[in-house]
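Note that ligands are numbered from 1 as they come in the structure, with each ligand's atoms numbered from 1 the same way.
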Amino acid sequence: MSTHNVWTHKGTFLLAAVGSAVGLGNLWRFPYLTGENGGGAFILIYALTIFAVGIPILIAETMLGRASRRSPIMGMRFLTRCHNTSRAWESIGWLGAASAFMILSFYSVIAGWAIHYTWQMLTGSLVGADAEMIGEGFDALLAAPGLLTFYHTLFIVASGLIVGMGVHKGIESGLRIIMPALFAILLVVLVYGIANGDFAAAASFLFTFNIADLSLEGWLAAMGQSFFTLSLGMGAIMAYGAYMNSEVSLTRTAIAIAIVDTSVAMVAGLAIFSLVFGAGLSPGQGPGLMFVTLPLAFAEMPFGALVGGVFFILVLGAAISSSISLIEPVAAYLVERFDMTRPQAVALMVVASWALGLLTVASFNIWAEGTLFHALAGRSPFEFIELLTNIFMPLGGLLIALFAGWALTHSEVMKEMRTSETWFMIWRFLVRFVAPAAVSFVFLRTIPQVEGYLIPTIGALVIVGAFAAGRTFLADGHQEG
Ligand code: PHE
């Protein structure tokens, strides 16, 4: 039983997908990971995976959603039945739900930091502050688990209310203002950074590609980030695809999403690193990077309190349009599968993710060191959850690519893609061979770096995937056209 309605407006999917893609991943995570992983080499791998792997998988994931018109888990169940393939493919849905749940848990904590800075900006508390004062203010925030939990709760409840009341489809009109306005303020900050910071140092840091600079785990982080920033491999795009009008071209939409998303990340990166090098801050300082550099610029620029206040409000808007896309697929599943009401389903997801988020809260203070996570995995709980998402999202993407590339028939794909035979052939080559090879390559390269017990897990998942792929191929080989 398909319970889905379809968005009436043709542009709604594009807007919703951009809303999902553009968020803290572009503004907070991209600059901080780039800084931690030495700059250009990280960007090179990130950009290559966006264009050679991300875009084809974006098309594939939307296709699976639109072809099934169901939530990711039920949708995969439906598609495996239609194509007489192994039910193991349902793991795409499960893996996605697990990723969504983990990402939301820390996403909400970081968005909470933006709530804090919105407040700081609007009350003018940072006007005229210098780098040292702003750094100390940030450290004080991190040292206060109660405050962090309060902000985390506010953000996740707000996201839950939007999805629970079903108004997220109405967010469209808001996004039409938020996205361009956010981009405009980023440009203002970039101009400020060019005038007052060190733009030349930023450009050379970001665009000097020395692959030897990138650690093995840096490769995994770069690939994980390209999936994260496009909201790929975890069901968000599939869930939105299920509501997408059947007439819109997937190819053009996917390319547009990737270009917008990458532009926002690049402008944010250039602005932030101009300020970092101008003020003599460290590029590799970790997750606080955005929250100590941007307030510094707002503290000094004319009308900075106002510009900064508006900026952080827009950041929150972008973050919430992403977090609702994390809740949607899991909630839609609970509704379809267990006949829950929408508010019940959302409440379950949000409460569970909120509780997991407490691990991230504690990672910046009471559990910053000496926990079981440090002993077993050499990292804080937050870093461990990030590592898992860096593995789960590309793995989900890999399975999506294999399923769309091998199990769907020629006519099904053509119906969705609406492009020429040449584009179809290029896309199919990318999802059948290039994307799986690239993801496996990065996984295999990274394995020596990742703790021992993860190796058998990844190995087992790859074997299951390969097995399922083999069965699909056998079962459906005759249908290939
Ligand atoms: N793409 C979002 C961002 O960059 C994060 C996200 C990941 C949202 C996965 C949904 C699904 O902020």
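The backbone N or O of Pro381 lies less than 3.5 Å from no partner atom in the side chain of Trp367, so there is not a single donor-acceptor pair. Remark: side-chain polar atoms of His152 are paired, donor with acceptor, to backbone N or O of Trp354 under 3.5 angstrom. A donor-acceptor pair under 3.5 Å links the side-chain atoms of Glu61 to the main chain of Gly233, judged by distance alone.
The closest heavy-atom contact to atom 4 (O) of ligand 1, among the options Ala21, Ala17, Ser322, comes from Ala21. The option from Phe228, Tyr107, Trp28 that lies nearest to atom 12 (O) of ligand 1, judged by heavy atoms, is Tyr107. For the residues Ser20, Ser321, Gly23, the heavy atom positioned nearest atom 2 (C) of ligand 1 is part of Ser20.
Heavy-atom proximity to Asn26, at under 4.0 Å, picks out these atoms of ligand 1: 4 (O). With ligand atoms numbered from 1 in the order given, ligand 1 contributes 12 (O) to contacts under 4.0 Å with heavy atoms of Leu24. Against a heavy-atom cut-off of under 4.0 Å, Ser325 is close to the following atoms of ligand 1: 8 (C), 10 (C). Proximity to Gly25 (heavy-atom distance under 4.0 Å) selects the following atoms of ligand 1: 3 (C), 4 (O), 12 (O).
Under a 4.0 angstrom heavy-atom cut-off, Phe227 registers as lying outside contact with ligand 1.
Salt bridge annotation for Arg29-Glu386: present, with a cationic side-chain nitrogen under 4.0 angstrom from a carboxylate oxygen. A salt bridge is absent between Glu336 and Arg70; no separation between the charged side-chain nitrogens and carboxylate oxygens falls under 4.0 Å. Ion pairing between a basic and an acidic side chain is recognised when a charged N comes within 4.0 Å of a carboxylate O; Arg342 and Glu328 show such pairing.
Under 4.0 Å from ligand 1, not a single heavy atom of Arg29 appears.
Residue, atom and distance of the protein heavy atom nearest to atom 6 (C) of ligand 1 are Ser231 OG, 3.7 Å.
For the atom pair OH of Tyr107 and CD1 of Ile320, the computed distance is 10.5 Å after rounding to the nearest 0.5 Å.
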